[in-house]
Amino acid sequence: MILNMHTSSAFPYGVLILDTHHMGRTHVVASYVLLGDEPAIVDPGPAGTLPSIEAALAQHDMCLSDIRHVVLTHIHLDHAGATGLILERNPSAQVHVHEKGAQHLIDPSRLINSAAQLWGDQLETLWGRTVPVPPAAIKALTGGEHLHLGKRCLRAYDAPGHAKHHLVWYDEESGAAFVGDNVGVRLPQLGFTRPATPPPDVDIEAWQSTLDLILALAPRWLMLTHFGGYNDIEFHVADFRERLLRWADIVRNGLASGASEEEQGAALEAQAQAECASLSEDEQAALTQQSGAIALSWRGLARYWQKKGATR
Ligand SMILES: [Zn+2]
């Protein structure tokens, strides 16, 4: 379903938002299409929801073979899982990805294995069938590049924090910054963000620099995968930064306290619950689906502090 037409003044020019309807729920995983001479899809979403993308494209008289570029913020399965399937259907498309993630698109076995550790036998139900991307299709980037899509120019920025292979893409024409998961998750109409900090490479220091970078870009829009476009940039980033640091502190203090892992996880769970207490039950469920389980975020933050040796 198309939520906002590119003709709407309340949305970046020439950008379509597609709802992948992940697990049948709206507003969980978004994908974006950049219209123009060389149409591009930003984060096509999980492999399992490709039919939703095709249906949404069809509403605009487009199909997968019209897509010239797959532009990835990062390679997590909820963002990039469909890339291999798209290349099967459209072998001439180019894939633009951080160099630290490129290898895992070519051989997704490590990505699939680590996802299997997180989600067990729910893996395929949640994310579908993730297939390899042909190496010849891949353009590996470090950040700092300009990607010219016809008249449109996208600038790539190295943006670690949520993942070390994360890029932020800034579209000069619309002023939209495609930020992936680097400014958390948020439901449309709500003035409320939540961190998503899954293992293995959450880095709070790097993340703070990435937030500064995003502010310095002064985008007109923040385009979140989970979910949608927001133009209250200062509020959004400040709200997110505060919650991220608060969560990181809770996990650090928990590790130092000597409490059991169960008790520490429960403390973060209680914090998350308190923060969203004013939302409806349905909104709370959607938020948790967007961010992943709080237990997963606890593990990502705990791993960060343990790597830093900050827990003794
Ligand atoms: Zn995500």
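Since the model is a prediction, treat every value here as computed from it, not as a measurement. Both counts, for ligands and for their atoms, begin at 1 and track the order of listing.
- Shown are Val28, Asp43, Ile53, Thr225; of these, the side-chain contact (heavy atoms from CB on, under 4.5 Å) with Thr20 is made only by Ile53.
- Here the two rings, on His79 and His226, have centers that are under 6.0 Å apart.
- Evaluation of the salt bridge (charged side-chain N to carboxylate O under 4.0 Å, His left out) test over residues 120-149, restricted to residues two or more places apart or in two chains, returns none.
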Kindly list each side-chain donor-acceptor pair under 3.5 angstrom involving residues 96-106, sequence neighbours excluded, with atom names and distances?
| residue | atom | partner | partner atom | Å |
| --- | --- | --- | --- | --- |
| His96 | NE2 | His69 | ND1 | 2.9 |
| His98 | ND1 | Lys100 | N | 3.0 |
| His98 | NE2 | Asp158 | OD1 | 2.9 |

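- Annotation: salt bridge (charged side-chain N to carboxylate O under 4.0 Å, His left out) contacts involving residues 261-270, sequence neighbours excluded, are absent.
- Take the Zn ion (ligand 1) and draw a sphere of radius 2.8 Å; the protein N/O/S atoms inside it number 4.
- Residues His22 and Gln289 meet the side-chain proximity criterion, which asks for heavy atoms closer than 4.5 Å.
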